[in-house]
Amino acid sequence: MVSDYSGNKAGFKGLDKEKIARIIAESSTAKWKAHIRESEEKLEARVCELKKEIAMLSDGQVRKAENDMDELIAELEGERIMDNVFVHIDMDAFYAAVEMRDDPKLRSVPMAVGDTSMLCTSNYHARKFGVRSGMPGYIALKLCPQLKMVGVNFTKYRKASKEVQEVFDEYDENLAMGSLDEAYMNITNHVRSRDGPRTFDRIRYKGDCVCRFPLVSENDPIGNTVPSEASEECSKCKKTRIAVSDQLTFGRSDGDIVNEIRFRVEQKTGLTCSAGIAANWMLAKICSDLNKPNGQYLLERDYATITNFVQELEVRKVSGIGPATEGTLKGIGIKKCRDFIKQRGILRLTFSAISYNWFMRVGLGIGNGACMVNEKQRQKNISNETSFSPTKDPETCMEILRRLCKELAETIKSNQIVGGKTLSLTLRKSTFERMTRSKQNVYLISTSNQMFNIASQLLFKELEDGRNEFRLFGVGLSKLQFSDEDNKPVNAATTTMLDTYFKQGRIENNLNQPETYYDGEISITKIENRQTKERVEVVSNENVTKPKVTDKKHNKPIIRGAMDRFVQKDMPIKCAGVRNQTSLDSFVTTLNKRKSEPELIIIIDDDKDEVEGLTISTSKKAKLC
DNA sequence: GGGCAGGCCATAA
DNA sequence: TTCCATTATGGCCTGCCC
Ligand SMILES: Cc1cn([C@H]2C[C@H](O)[C@@H](COP(=O)(O)OP(=O)(O)OP(=O)(O)O)O2)c(=O)[nH]c1=O
Ligand SMILES: [Mg+2]
């Protein structure tokens, strides 16, 4: 039943659930529905297997498992902590809120961030129509024809995220950002060291101009000073804006402090957020959703309250339990968290140790003693992917792949990543079926050409018989090497050289790990083919990739001197890199004095994407001299 | 038996 | 007419090589 399609009249309650489900079902394409059905069937099959497995279990087995589980529970109880104040903060309708703040026209209408193919999120007005994150825009438009869609502006979201993080930092310097819009904090130290209430200036705005946030609202708490008003003309809309200034004081209780954090976030960014406060992050995260938007929920940190809370908690509310796990658990009678404890025997006998351990932690309301976000570790993968209208044309596919590789090469640079050892290609067929093909390289993959070399080989195999039609490609790197990590087994210049060298067909696959030695700025890398025993030695200098570094005295690129020193040592070289034609000429002159010359000299031109490889013959050498 | 490479799946925002 | 995204993390499985 629909009370009002416009969504603007008073008393509008939105579309009802059945209507929403019907419209979504009617709007979905056949291919998508088939894809969904397939995953549902897979899940059903898994549940079926699981049930069979359980039916085979004897009472004795289950009882024994329950006893073992009780021991585990006792152990976990010992780990329970309730004296720390954990907080999870999550921005309200984050991307949408940023867009609404920056464009008043979007504030009073149902709107979403994304495009016709996919929405990242929607504002609360649009949510009444069933429009939400992860919904295709064209379906959202059927649910809500007047929906206003805005494209994504990641730069703005990153800026806002950084601003709120600065506030959080003051309450927990070890905070962990779970994403752009959420933070995990432990404010115990702040609570303990806080000696009393804190007072902050508050500025709100009213008047004809609505450009600046936050606006004065009836729901705002009363300030503890008489508000003073100052009138000014808005430079953007030219209307009058009245800044209302007063002060607000926050006490020292957990709830007061979190209110203070949320207040400061809104003052600083014009954005609201919601918070959960509890004995651990698992519970805090669940609680941050309970009073959304612009609210908070404090779950008392005592055993009875926590146990009680967990009894009725649906498993799906727990972060980490998604549709598949929910479905599986439902199949064995687990819907609420208390069922974890009830079914502990079966869980122990049918799930992995990691899983049942975690299920018990959830059932007891203990959570992961640690943080759910692993802040300490460095990024492990970097990737990009793109969807397109389905095609099987190799030319088109390769073109898309090349573009992805180029973009990835740029992205890693701006992330201080030199390269990665493993490249993975993600493919999605027109049926939405996903596959990945990956290859670990013996040396670092850094440039777009190196990426494309490997990725195109992987893709070629899947394109061969023309049976596959694709709708998405992705390229990613893992086993990353960051530029500030000094322990570089093979530097960027060397990998470029190796890549160019091997492209000439001297050595196929089956390479052993390269060994690299350093001598000052020079690196000597040896790499051997396991089968043919052919050895390649590569000399390179970090400065090859850093043209700014020059020998001040002689005003020459340092590589010259470095190479000379190297050559004097009379080491055999098969492959060498120089940075420009001048370097090459003088290097060849030096090499002429030597018995063994490189088979290949590679000119690395920082301005060029392609790398030029020169095979040096005696005659050519003469010419180059 | 362990460790690694390559693949799939689940999850989250 | 468009016709279900993108980026990242972690578990688990299989096959292979020690
Ligand atoms: C769930 C989801 C979020 N996002 C983005 C857009 C969201 O604004 C942002 C934060 O996600 P969420 O916090 O899940 O959602 P939200 O902040 O928009 O709304 P809520 O008030 O319920 O917290 O992450 C995606 O890009 N894809 C997704 O599937
Ligand atoms: Mg949010």
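Below, chains carry the letters A, B, ... as their sequence lines are ordered, and counting in each starts from 1.
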5'-most by nearest nucleotide on DNA chain C - Ile354(A) or Arg471(A):
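Here Arg471(A) is the residue nearer the 5' end.
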
Closest to the 5' end of DNA chain C, once Ser355(A) and Ile139(A) are matched to their nearest nucleotides, is Ile139(A)

Can you check whether [X] has a side-chain N or O nearer than 4.0 Å to OP1 or OP2 of [N]?
| X | N | answer |
| --- | --- | --- |
| Ser117(A) | dC3(C) | no |
| Thr325(A) | dT11(B) | yes |
| Ser387(A) | dT6(C) | yes |
| Lys479(A) | dA5(B) | yes |
| Asn381(A) | dT7(C) | no |
| Lys31(A) | dC4(C) | no |
| Lys42(A) | dA10(B) | no |
| Thr422(A) | dA5(B) | no |
| Gln379(A) | dA8(C) | yes |
| Thr436(A) | dC8(B) | yes |
| Ser438(A) | dG7(B) | yes |
| Arg46(A) | dC9(B) | no |

Counting side-chain heavy atoms from C-beta on, which of [options] comes nearest to [X]?
| X | options | answer |
| --- | --- | --- |
| Gln440(A) | dT6(C), dG6(B), dA8(C) | dG6(B) |
| Glu182(A) | dC4(C), dG10(C), dA13(B) | dA13(B) |
| Tyr138(A) | dT7(C), dC4(C), dC9(B) | dC4(C) |

Over all strands shown, is [X] touching base, sugar-phosphate only, or nothing at heavy-atom distances under 4.0 angstrom?
| X | value |
| --- | --- |
| Asp115(A) | nothing |
| Leu119(A) | nothing |
| Arg434(A) | nothing |
| Met135(A) | nothing |

Query - Ionic contact status for Lys159(A) with Glu163(A), cut-off 4.0 Å - result: yes

Can you confirm whether more than 12 heavy atoms, excluding those of [X], are under 6.0 Å from its [atom1] atom?
| X | atom1 | answer |
| --- | --- | --- |
| Tyr124(A) | OH | yes |
| Glu166(A) | CD | yes |
| Lys156(A) | NZ | yes |

- Item | Aromatic contact, Tyr356(A) with Phe351(A) (centres under 6.0 Å) | no

Open item on the list: Is there, by distance only and without an angle test, a donor paired with an acceptor across the side chain of Ser27(A) and the base of dC3(C) below 3.5 Å?
Closed with: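 Under the 3.5 Å cut-off, the side chain and the base do not form any donor-acceptor pair.
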
Pairs under 3.5 angstrom only: tabulate donor-acceptor contacts from the side chains of residues 464-475 of chain A to other protein residues two or more places apart or in another chain.
unit_1, atom_1, unit_2, atom_2, d
Asp465(A), OD1, Arg467(A), N, 3.4
Asp465(A), OD1, Arg467(A), NE, 2.8
Asp465(A), OD2, Arg467(A), NE, 2.3
Asp465(A), OD2, Arg467(A), NH2, 3.2
Asn468(A), OD1, Lys429(A), NZ, 3.3
Asn468(A), ND2, Glu462(A), O, 3.1
Glu469(A), OE1, Ser430(A), OG, 3.0

Per nearest nucleotide of DNA chain B, the residue lying toward the 5' end, Leu180(A) or Ser39(A), is Ser39(A)

